[in-house]
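Here is the structure we will look at, set down as structure tokens.
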Amino acid sequence: MSQEGAKIKYITPAVAKEKEYDPFIEATLQFERAASFLDLDPWIYQRLKYPEKELTVHLAITLDNGRAESFTGFRVQHSTVRGPAKGGIRYSPNASLSECKALAAWMTWKCAVLDLPFGGGKGAIICDALNMSENELRKLTKEYTLAIRDIIGPYKDIPAPDMFTNAQTMAWIADAYSQSVGYLEPAVVTGKPLHLWGSQGRAMATGYGLFFVLEEACRYLQMEMQGKKAAILGFGNVGSSIAKLIYKAGCQIIAVTDIFGGVANLHGLDPFELEKYVRRTGSVVGFPETEPIDNETLISLPCDFLIPAACEGQINRDNASKVQAKIVLEGANGPTTLEADEILKEKGVLVVPDILANAGGVTVSYLEWVQDLQRYFFSEEEILAKTEKKMKKAFADVAEVAEKNKVTFREAAYILAVGRVADSLAALGRAA
Ligand code: NAD
């Protein structure tokens, strides 16, 4: 959002190539595989296949140039069976209802893998956030919050940041919601600034979560993390956090891309310097002592860890066979298509699926929500220790299901998650 004046082309290459790619169809097929493995009761199957609620809102604001403009936004609640819906809000010209439905479903399964007392939700506004002023984004965010306020709340649905939204966006949502209920209610969103009762550790939470499961994945494959090479697709909150953590652990970051292009140095680049450079210029492009690289080349580089940390569908049927990494660590949601997943399975690549790998963010969001409800706050050390414990337990649970049933980590994570939600639903005795 701070990348002022930058010119962008919002084309997700994988989506452009796989014209039929529909994130909600992908999410549904993943659910169906687990449902058939678990032999779900038909009523539970039908109940969990579709979102509980889909809200589309049309918003109007006056832009800085005096012109009135309208925008479309969404909030989808896939499930509130195990607790309030939980999930981010994305600002993107590519946002769609189908994408929100998929992301909301993935949040349900992610919260279940981590055994957090939440269901899944997701929201978006179709807008070109990088080319909007702070004033325009503030007005748009407040309008959006008022439009969805009836379905959000600390015990109903708790938004968080996602692509092209941040702590400031959450502060605006907290304000619009609080003004409408008449008192400050910080627990309505997570990922807030610290001085508005955000949590210690939230900014790097997804990165830490990825790091903890990567440690476990390395242990699982009996390999050392130190000295390994990593390629990272996307250098926003998630990509930059994991880059810094594995760099500190002795890995080499050999390539990074963002929406504008990419940079590679096969001898390794410094993500701390790269982050400073991105803050100054708005992109990784042109970082000194690197060669330009695109997403497709990055995906096929000889490396140990491939970390997709941008958007959906980047690893697809056209490039999966070229992956040389031993571990694909899914920082993004839905970065690997189902067809690509099959190819990676045959190649013996360990894919640590999004609903496990990137759950550090929602885990710290859960801790932020708990702190806000109690008005009692933990130190960063306490947050990191609790997150590490949760992530490592979830990794062990998934690994156990994978080994017991001879399935991939993704299949195991879905079996675990869908099974937990189905058990909760059955126990509620709501069958019609
Ligand atoms: P962000 O907006 O901070 O960063 C996104 C990055 O991806 C930017 O560097 C952007 O330039 C890049 N990007 C976008 N489209 C691209 C493309 N086509 N090719 C290459 N790079 C591209 O977003 P984020 O919060 O880091 O989220 C990234 C992904 O991680 C999303 O899928 C999001 O849903 C997921 N995720 C985020 C969190 C979180 O806590 N932020 C938690 C779990 C999952």
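Order of appearance sets the numbers: ligands from 1, and atoms from 1 within every ligand.
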Can you sort out the partners of F24 under ring pair (Phe, Tyr, Trp, His ring centres under 6.0 Å), two or more places apart, ordered by chain and number? none
With respect to [X], determine whether any N or O atom, backbone or side chain, lies less than 3.5 Å from an N or O atom of ligand 1.
X: N237; result: yes
X: T206; result: yes
X: D162; result: yes
X: G361; result: no
X: V238; result: yes
X: E312; result: no
X: G239; result: no

Specify the closest pair of heavy atoms between I151 and D157, including all atoms of both residues, with the distance to one decimal. O-CB, 3.4 Å
Taking all heavy atoms of A413 and all of I355, pick out the closest pair and write down the distance. CB-CD1, 3.8 Å
So that I can tick it off, tell me whether [Y] and [X] are bridged by a salt bridge, with the cut-off set at under 4.0 angstrom between side-chain N and carboxylate O.
X: R82; Y: D115; result: yes
X: E32; Y: K49; result: yes
X: K156; Y: E185; result: no

Checking contacts here: is it the side chain or the backbone of D354 that comes within 4.0 Å of ligand 1, counting heavy atoms only? Could be both or neither. neither
So which bit of R202 gets within less than 4.0 Å of ligand 1, heavy atoms only: side chain, backbone, both or neither? side chain
Selection from A332, G360, A309, G236 by shortest heavy-atom distance to atom 28 (C) of ligand 1: A309
Nearest heavy atom to atom 15 (N) of ligand 1, choosing from N333, N295, I259, belongs to I259
Check ligand 1 against [X] and write out every atom of the ligand that is under 4.0 Å from a heavy-atom position of the residue.
X: L233; answer: 20 (C)
X: R90; answer: 31 (C), 32 (O), 33 (C), 34 (O)
X: Q314; answer: 17 (C), 18 (N), 19 (N)

Could you list the donor-acceptor pairs under 3.5 angstrom formed between side-chain atoms of residues 241-250 and any protein atom two or more places apart in sequence or on another chain?
unit_1 : atom_1 : unit_2 : atom_2 : d
S241   : OG     : N237   : O      : 2.4
K244   : NZ     : E275   : OE1    : 3.2
K244   : NZ     : E275   : OE2    : 2.9

Euclidean distance, M391 CE relative to K393 NZ, rounded to 0.5 Å: 13.0 Å
Output the distance between atom OG (S240) and atom CE (M204), rounded to the nearest 0.5 Å. 7.5 Å
